[in-house]
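Here the structure is a predicted model, which is why all the values come from computation and not from measurement. Keep in mind that the numbers below use all heavy atoms, side chains included, and drop hydrogens, waters and symmetry copies.
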Amino acid sequence: MTSTVEAQAVQRRHAEDEFAAELAALAAGDDRPRPPGWLLSPAAVVTYLLGGAAADGTVIIPKYVGSRRLMEVAVATLATDRALLLLGVPGTAKTWVSEHLAAAVSGDSTLLVQGTAGTPEEAIRYGWNYARLLSDGPSRAALVPSPVLRAMADGRIARIEELTRVPSDVQDSLITILSEKTLPVPELGEEVQARKGFNVIATANDRDRGVNELSSALRRRFNTVVLPVPGGVEEEVDIVSRRVAALGKALELPELPPAVDEIRRVVTVFRELRNGATEDGRTKLKSPSGTLSTAEAISVVTNGLALAAHFGDGVLRAGDVAAGILGAVVKDPVSDQVVWQEYLETVIREREGWRDFYRAARRGE
């Protein structure tokens, strides 16, 4: 068991630990029907995700800023026999939503498989403790359950990150699990049947490099919810502001004055280059090779806060974010540098109130 002192030293706590008070308050006042194995009703899960208040008045802060209907569809899917696939470009909060869904439904977001090109079948099914296997032969004691197998046995949510990065033959090992809700263990002559409450949340990005398309048989086992990029500047500014505040607190950065203006500046640059046009639609722009996601904007602002706190005057300024933006935009030192230079000279240089950012960006080149 982790002590209080040890918990305070953890760099990033799991959602169910960080927001334990909110989850407990929602559960205490939740009088709506709960699916078998769920800690909260679907309505309470949506409140946990989107924010609101528990029955006792406890304030529930938003974990996701976006469409309520999308979250309702995602939560309702987990109450059916179909798994949930969160699809979207990088930075659309797929992992974040996945973690908080698992925390609210199961109270455990740690049953996680990180998908990579080298993910083996054992990561989804099971493996073996070879020392025990050699000494005792196949047995329950020698079997090493995957996070998915543990979720099945305990009736919890399993998470699979970046499913489309997993090799196709390994992906398809999920088909029997999702369709039959059982996992045969032929070496032991038995099977593990999923308890009520079990389901799978997978995330995927089908626009990035190095992805493996899901087979039609596997895709049919999922209900796909596409998470969009934020619809407007203010919505994205709100998302970045909330996440930066939470990260600053977790990293114990010195508290700085509100920095909404600089956050809006970062978001504006990212959106214009991402969309290939200025916000007013008057100027067409070339887009760089990177995605310029909301997650990258959060990283740029957080890094800027650290610079301002430790090396500046305690106020987030243009110079604190300019270098971070340059690093986010210029992934290809040739083509992206041309895009960035053109954007600086044709848009930023002439934009009222942006001279400080223009000068800082030029110094950072």
Side-chain angles (χ1 to χ4, degrees), residues 5-15 17-19 61-65 90-97 99-100 161 229-230 233-274 288-333 336-337 340 343-344 348 351 353-365:
V5 174
E6 288 173 333
Q8 291 173 345
V10 171
Q11 193 170 52
R12 182 188 183 278
R13 298 202 293 171
H14 299 302
D17 299 325
E18 184 71 23
F19 299 98
I61 67 169
K63 318 300 181 303
Y64 177 75
V65 178
T92 49
K94 301 184 296 297
T95 298
W96 184 250
V97 171
E99 179 183 359
H100 284 284
E161 289 294 309
V229 295
V233 173
E234 295 308 315
E235 181 180 327
E236 192 161 359
V237 167
D238 185 30
I239 293 170
V240 174
S241 298
R242 291 177 186 275
R243 287 291 295 127
V244 165
L247 281 171
K249 183 178 179 182
L251 296 172
E252 298 185 27
L253 292 176
E255 189 170 344
L256 301 184
V260 177
D261 289 342
E262 290 305 326
I263 291 174
R264 183 174 288 106
R265 180 136 53 183
V266 173
V267 168
T268 298
V269 171
F270 273 42
R271 289 179 64 85
E272 290 183 333
L273 289 173
R274 187 169 65 213
S289 59
T291 57
L292 297 181
S293 66
T294 305
E296 289 175 291
I298 292 167
S299 178
V300 167
V301 176
T302 303
N303 187 70
L305 288 175
L307 285 172
H310 297 301
F311 302 104
D313 60 2
V315 177
L316 185 66
R317 301 188 185 279
D320 300 317
V321 297
I325 291 180
L326 176 63
V329 173
V330 182
K331 296 290 196 298
D332 184 314
D336 290 344
Q337 185 66 40
W340 178 240
Y343 178 66
L344 279 180
I348 300 302
R351 182 168 280 167
W354 284 56
R355 291 294 297 176
D356 56 343
F357 179 82
Y358 174 76
R359 288 193 295 268
R362 288 300 304 269
R363 286 198 301 270
E365 291 177 0

Practice item. With side-chain hydrogen bond (donor to acceptor under 3.5 Å, both in side chains) as the test, would you mind laying out the steps for Asp332 and Ser289 before giving the verdict? Key: CA-CA 7 Å; Asp332 184 314; Ser289 59; 5.5 Å; no
Point to revise | Parallel, tilted or perpendicular: ring planes of Trp340 versus Tyr343, cut at 30 and 60 degrees | key: tilted
Point to revise | Nearest heavy atoms of Pro288 and Asp336, plus distance in Å | key: CA-OD1, 3.5 Å
Exercise for review: Return the set of residues passing side chain to side chain donor-acceptor pair (under 3.5 Å) with Thr294 (not counting sequence neighbours), or none when no residue passes.
Suggested key: Glu236
Practice item. Applying ring pair (Phe, Tyr, Trp, His ring centres under 6.0 Å), name anything that partners Tyr358, two or more places apart in sequence or on another chain. Key: none
Check your understanding: Of all residues at least two apart in sequence or in a different chain, which pass the side-chain contact (heavy atoms from CB on, under 4.5 Å) check with Arg242?
Key -> Pro62, Val65, Asp238
Point to revise | Partners meeting side-chain contact (heavy atoms from CB on, under 4.5 Å) with Ala15 (sequence neighbours left out) | key: Tyr48, Glu99, His100, Ala103
Point to revise | Heavy-atom closest pair, residues Val233 and Arg271 | key: CG2-NE, 3.6 Å
Review point. Which distance, rounded to the nearest 0.5 Å, do you find between the OH of Tyr64 and the OG1 of Thr92?
Key: 7.5 Å
Review point. So which heavy atom on His310 is nearest to which on Leu253, and how close?
Key: NE2-CD2, 4.0 Å
Check your understanding: Any side-chain heavy atom of Val260 sitting closer than 4.5 Å to one from Val237?
Key -> yes
Practice item. Please list, chain by chain and in numerical order, all residues satisfying side chain to side chain donor-acceptor pair (under 3.5 Å) with Lys63, sequence neighbours excluded. Key: Glu22
Study note, to complete from the structure: Hits for side chain to side chain donor-acceptor pair (under 3.5 Å) against Arg243, two or more places apart or cross-chain, chain-then-number order -> none
Review point. Asp320 versus Leu305: any side-chain heavy-atom pair under 4.5 Å?
Key: no
Review point. Quick one: CD1 on Ile325 to CG on Asn303, what's the gap to the nearest 0.5 Å?
Key: 11.0 Å
Check your understanding: Do you know which two heavy atoms are closest between Gly319 and Ala360, and how far apart they sit?
Key -> CA-CB, 3.7 Å
Review point. After noting the C-alpha distance and the side-chain angles of Val321 and Ile263, does the key distance pass the side-chain contact (heavy atoms from CB on, under 4.5 Å) rule?
Key: CA-CA 9 Å; Val321 297; Ile263 291 174; over 6 Å; no
Review point. Got a sec, which residues hit side chain to side chain donor-acceptor pair (under 3.5 Å) with Arg351, two or more places apart in sequence or on another chain?
Key: Glu272
Check your understanding: Residues two or more places apart in sequence or in another chain: which of them pass salt bridge (Lys or Arg N to Asp or Glu O under 4.0 Å) with Asp261?
Key -> Arg264
Point to revise | Distance in Å, Arg363 CZ paired with Leu326 CG, rounded so as to fall on 0.5 Å steps | key: 13.0 Å
Review point. Going by heavy atoms in the side chains, are Leu344 and Trp354 under 4.5 Å from each other?
Key: no
Review point. Under the side-chain contact (heavy atoms from CB on, under 4.5 Å) test, which residues partner Asp356, sequence neighbours left out?
Key: Arg265, Ala318, Arg359
Revision key, fill the gap. Sequence neighbours excluded, the answer for side-chain contact (heavy atoms from CB on, under 4.5 Å) partners of Glu18 is Arg13
**Study point:** Sequence neighbours excluded - salt bridge (charged side-chain N to carboxylate O under 4.0 Å, His left out) pairs with any residue from residues 290-316
**Key:** Glu296-Lys331, Asp313-Arg317
**Study point:** Contact summary for Ser293 and Pro90, nearest pair of heavy atoms
**Key:** CB-O, 2.9 Å
Practice item. Please name the pair of heavy atoms, one in Leu292 and one in Phe270, separated by the smallest distance, quoted to 0.1 Å. Key: O-CD2, 3.6 Å
